[in-house]
Visitor: 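Shown below is the structure under consideration.
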Amino acid sequence: MIKVFLVENEAEVREEIKNSIQWEREGYEFVGEAGDGELAYPMILEETPDILITDIEMPFMDGLELGRLVRKELPDIKIVIVSASAEFRYAREAIKIGVEEYLLKPVSSAELLEVLRVVSASILREREGRELIKRFEENMWENREYKKEEFLIRILTQNLSVTDILEQAKQLEMDLSARLYNTVLLKITSSFDDGGGQFLELSRAVESMLQEQKGIYYFRRGIEGWALLFLSEDQSQMDYKIEAVEEAVSRITHGFSQSVEYFGAVGKPVMRVRELRKSVDEAERVFAFRYLKKWNQIITRDDISADAAENNELALGSIDIDRLDRKFVEEFMRTGLKGDVTHFVNEYSGGIGEKNMQSMLFRQYMVMDVYLMAASVLESLGYDTNELVARCGDFKDMVRVFQTVDQTKKYLREVIEATIEMRENVSKYTNSILLKAARSYIEKNFDNEEISLNTVAASVNLSPNYFSTIFSQEMGQTFIEYLTYVRMKKAKELLRSSTMKTSEIAYAVGYKDAHYFSYLFKKTQKCTPRDFKSQG
């Protein structure tokens with residue numbers, strides 16, 4: 001709807017103009033009035049009307065001065081002058097300001113309406129043009145992000161030569177020449193309930209910050225994550241850049257009113273761009289500890305090792321059992337995922353120290369300790385100890401697992417995986433009922449832009465944190481990923497079976513921001529909504 005503001009010195013004339021037109025029926029919103037320019041100016045800046053109707057000759061601030069000030073702050077506003085003066089100097093000044101129409105009093109409501117229709121048509125054309133430009137820029141940005149993501153995948157999975165990598169990077173306006181490289185995996189979660197608009201704002205704030213940093217490139221990883229590539233001349237500069245990004249991410253996330261958390265994992269620094277796979281592998285191993293470590297930090301392998309053992313060169317005679325930090329293992333057994341067991345065992349045993357791991361006596365202690373912790377966890381869940389024995393053997397059968405470090409790690413993986421499987425079986429029935437109810441709630445309410453993790457958790461009488469944990473464990477994807485899947489599935493149905501516009505479909509599946517919907521659609525379906533519809 002077109003917003004109109006009226007400034008007229010004569011109260012009777014102002015009332016006549018205001019009351020002679022049925023604004024809403026004609027497609028306008030009458031947002032305010034004032035008797036002179038001085039009073040009108042702050043009101044106009046607050047209401048930001050599309051059309052300003054003003055007289056010229058007024059006390060305190062005339063209409064021409066008001067027009068100049070308003071045009072400076074609101075360059076797209078359209079100004080219509082209604083004046084009793086036909087002096088040429090006024091008309092000339094009005095032309096300089098860029099006034100749309102200059103009407104002489106008295107003006108009939110029909111005459112004013114006709115002028116407003118012409119001006120409104122101009123406003124709508126300009127809006128459409130700006131919208132097309134914005135859509136084009138967003139499509140270009142989305143295409144660029146998709147190509148960057150593909151490029152990173154090629155670097156990590158294909159045996160590209162350095163020349164190929166640098167040439168493809170150049171096409172994406174990326175300069176990958178450096179002496180040192182490292183990667184950071186970053187994930188941000190939130191409890192936003194506005195249909196995705198705030199998370200889009202948060203994501204763009206993070207990406208805008210990264211774009212401003214020299215020697216840092218980002219690649220999308222799913223809906224809530226990024227892989228960051230850092231380039232530097234030495235380790236000191238690398239540490240400084242990573243620390244600066246963490247401070248910026250912390251500042252951005254804390255700037256939002258609702259709960260927002262981030263977690264990052266630093267990879268291994270490498271000297272060749274072709275070795276980035278090693279860096280990402282390291283980052284993924286560290287990233288697996290996101291459910292054991294506190295969020296709102298970016299951690300390195302050293303942070304994990306420091307928690308497990310402060311000194312990697314401990315002698316057997318001086319082992320401090322507390323330094324093994326048993327709570328990590330127990331917490332992992334209670335909340336961890338099977339897919340992360342290998343990374344966890346490698347990092348936990350590595351943090352204990354290579355020298356200690358070479359000792360058979362120490363490996364015996366380590367296995368026995370983990371085994372007893374597993375038995376304790378399972379007993380607390382109602383299992384009999386014999387069930388763990390049936391899966392992993394008894395103490396007398398363990399001699400074989402102490403022979404080498406690899407055999408010990410393999411057995412530790414077996415014990416922890418068995419514990420996680422049995423833990424999941426205990427809650428499987430209860431969780432399946434709860435998740436079935438949660439999925440049903442999502443299926444019925446996915447089109448509500450206010451649906452969120454909190455509302456769904458409340459529908460099944462669980463805390464948001466616990467619901468988020470069991471949902472991810474049982475479904476193999478986060479709540480946001482599943483909600484997005486449901487919405488995209490419905491969106492595809494509408495694209496293929498209806499004549500609805502993209503903006504209408506976005507609203508129909510729960511997104512009040514059509515651009516965010518288009519971005520997610522292209523991210524998840526690898527094509528735009530328009531392309532998907534045309535493929536039908």
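All heavy atoms count here, side chains included; hydrogens, waters and symmetry mates do not. The structure presented is a predicted model; accordingly, all values stated were derived computationally and were not measured.
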Visitor: One thing to verify: whether Glu414 and Lys410 come together as a salt bridge, which I'm taking to mean a side-chain N less than 4.0 angstrom from a carboxylate O.
Guide: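 Yes, Lys410 and Glu414 are salt-bridged.
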
Visitor: State the CZ-OH distance between Phe446 and Tyr482, to the nearest 0.5 angstrom.
Guide: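 If I round to the nearest 0.5 Å, the distance is 11.0 Å.
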
Visitor: Could you walk me through whether Tyr217 and Leu176 pass side chain to side chain contact (heavy atoms under 4.5 Å, CB included), step by step?
Guide: CA-CA 9 Å; Tyr217 299 101; Leu176 296 187; 3.8 Å; yes

Visitor: Flag the pair Asp447 / Tyr507 as yes when at least one side-chain heavy-atom distance between them is below 4.5 Å, and no otherwise.
Guide: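 No, their side chains stay 4.5 Å or more apart.
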
Visitor: Is any side-chain heavy atom of Phe219 less than 4.5 Å from a side-chain heavy atom of Leu228?
Guide: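 No; the side chains remain at least 4.5 Å from each other.
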
Visitor: Within this structure, what is the CE-CE distance for the pair Met373 and Met368, rounded to the nearest 0.5 Å?
Guide: 12.0 Å

Visitor: So, for Leu494 and Lys533, which heavy atoms are closest and what is the spacing to 0.1 Å?
Guide: O-NZ, 4.5 Å

Visitor: Keeping the roles fixed (side chain from Ser376, backbone from Leu372), state whether a donor-acceptor pair exists under 3.5 Å.
Guide: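 Here the side-chain-to-backbone pair does not exist.
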
Visitor: Any carboxylate oxygen within less than 4.0 angstrom of a Lys/Arg side-chain nitrogen, looking at Lys490 and Glu493?
Guide: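 Salt bridge: yes.
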
Visitor: Mind checking whether Arg413 and Phe344 have side chains closer than 4.5 Å, heavy atoms only?
Guide: no

Visitor: For Arg285 and His343, indicate whether the former's side chain and the latter's backbone hold a donor-acceptor pair under 3.5 Å.
Guide: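 Checking the backbone N and O of His343 against the side chain of Arg285, no donor-acceptor pair under 3.5 Å is found.
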
Visitor: Would you please test Ile505 and Phe517 for side chain to side chain contact (heavy atoms under 4.5 Å, CB included) and show each step?
Guide: CA-CA 9 Å; Ile505 292 176; Phe517 164 72; 4.0 Å; yes

Visitor: Donor-acceptor pair, Asp303 side chain versus Thr300 backbone, under 3.5 Å?
Guide: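 It does hold such a pair.
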
Visitor: Looking only at non-hydrogen atoms, find the nearest pair between Thr253 and Ser250 and report the distance.
Guide: OG1-O, 3.1 Å

Visitor: Is it the case that over 12 heavy atoms from other parts of the model lie below 6.0 angstrom from the OH atom of Tyr441?
Guide: yes

Visitor: Quick one: CG on Leu210 to CD on Glu207, what's the gap to the nearest 0.5 Å?
Guide: 7.5 Å

Visitor: Should Lys492 and Pro529 count as side-chain neighbours, where that means a heavy-atom distance under 4.5 Å?
Guide: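 With C-beta onward as the side chain, the pair stays apart.
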
Visitor: Minimum heavy-atom separation for Ala205 and Ile252, please, with both atom names.
Guide: O-CD1, 3.6 Å

Visitor: Is it true that Lys187 and Glu261 make a salt bridge, defined as a side-chain N closer than 4.0 Å to a carboxylate O?
Guide: no

Visitor: Is a donor on one side and an acceptor on the other found under 3.5 Å between the side chain of Asn445 and the backbone of Asn448?
Guide: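 No; judged by distance alone, with no hydrogens or angles, the pair does not exist.
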
Visitor: Could you tell me whether the side chain of Tyr262 and the main chain of Asn296 form a donor-acceptor pair under 3.5 Å?
Guide: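 Such a contact is found between Tyr262 side chain and Asn296 backbone.
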
Visitor: Quick check: closest heavy atoms across Asn182 and Ser279, and the distance to 0.1 Å?
Guide: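 The answer is OD1-OG, 3.0 Å.
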
Visitor: With a 4.5 Å heavy-atom cut-off, do Cys527 and Phe521 have their side chains touching?
Guide: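 They are in contact (side-chain heavy atoms under 4.5 Å apart), so the answer is yes.
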
Visitor: So does Arg179 pair up with Glu233, basic N to acidic O under 4.0 Å?
Guide: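 Answer for the salt bridge query: yes.
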
Visitor: Quick check: closest heavy atoms across Ala491 and Val509, and the distance to 0.1 Å?
Guide: N-CG1, 3.9 Å

Visitor: Looking only at atom types and distance, does a side-chain atom of Tyr383 sit under 3.5 Å from a main-chain N or O of Met422, one as donor and one as acceptor?
Guide: yes

Visitor: Please tell me if the side chains of Ile420 and Ile416 come closer than 4.5 Å, counting only heavy atoms from C-beta onward.
Guide: yes

Visitor: Quick one: does Lys241's side chain have a donor or acceptor within less than 3.5 Å of a partner on Lys214's backbone?
Guide: yes

Visitor: Can we say Arg277 and Glu282 salt-bridge, meaning some charged N sits less than 4.0 Å from an Asp/Glu carboxylate O?
Guide: no

Visitor: With no hydrogens and no angle check, is any side-chain donor or acceptor of Glu246 less than 3.5 Å from a backbone partner on Ile298?
Guide: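 Answer holds: yes.
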
Visitor: If we ignore hydrogens and angles and just use 3.5 Å, is the side chain of Gln171 paired with the main-chain N or O of Gln168 as donor and acceptor?
Guide: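 No, because the side chain of Gln171 does not come within donor-acceptor range (under 3.5 Å) of the backbone of Gln168.
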
Visitor: Identify whether NZ of Lys or CZ of Arg in Arg496 sits under 6.0 Å from the centre of the six-membered ring of Phe532 and within 45° of that ring's axis.
Guide: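 The answer is yes, since Arg496 meets both limits relative to Phe532.
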
Visitor: Would you check if the side chain of Thr524 reaches a backbone N or O of Leu520 as a donor-acceptor pair within less than 3.5 Å?
Guide: yes

Visitor: Under a plain distance cut-off of 3.5 Å, with no hydrogens placed, do Asp175 and Ser177 share a side-chain donor-acceptor pair?
Guide: yes

Visitor: I'd like to know if Glu387 and Arg391 make a salt bridge, using a cut-off of under 4.0 Å between side-chain N and carboxylate O.
Guide: no

Visitor: Do Phe467 and Phe479 touch side chain to side chain, with heavy atoms closer than 4.5 Å?
Guide: yes

Visitor: Do Thr455 and Glu450 have side chains that approach each other closer than 4.5 Å (heavy atoms only, starting at C-beta)?
Guide: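 They are not in contact (no side-chain heavy atoms under 4.5 Å apart), so the answer is no.
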
Visitor: Are Ser161 and Asp164 close enough that a side-chain donor and a side-chain acceptor fall under 3.5 Å?
Guide: yes

Visitor: Taking all heavy atoms of Met238 and all of Tyr181, pick out the closest pair and write down the distance.
Guide: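 Here Met238 and Tyr181 meet closest at CE-C, 3.6 Å.
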
Visitor: Do we get Arg487 above Tyr511's six-membered ring, with its NZ or CZ under 6.0 Å from the centre and within 45° of the axis?
Guide: yes

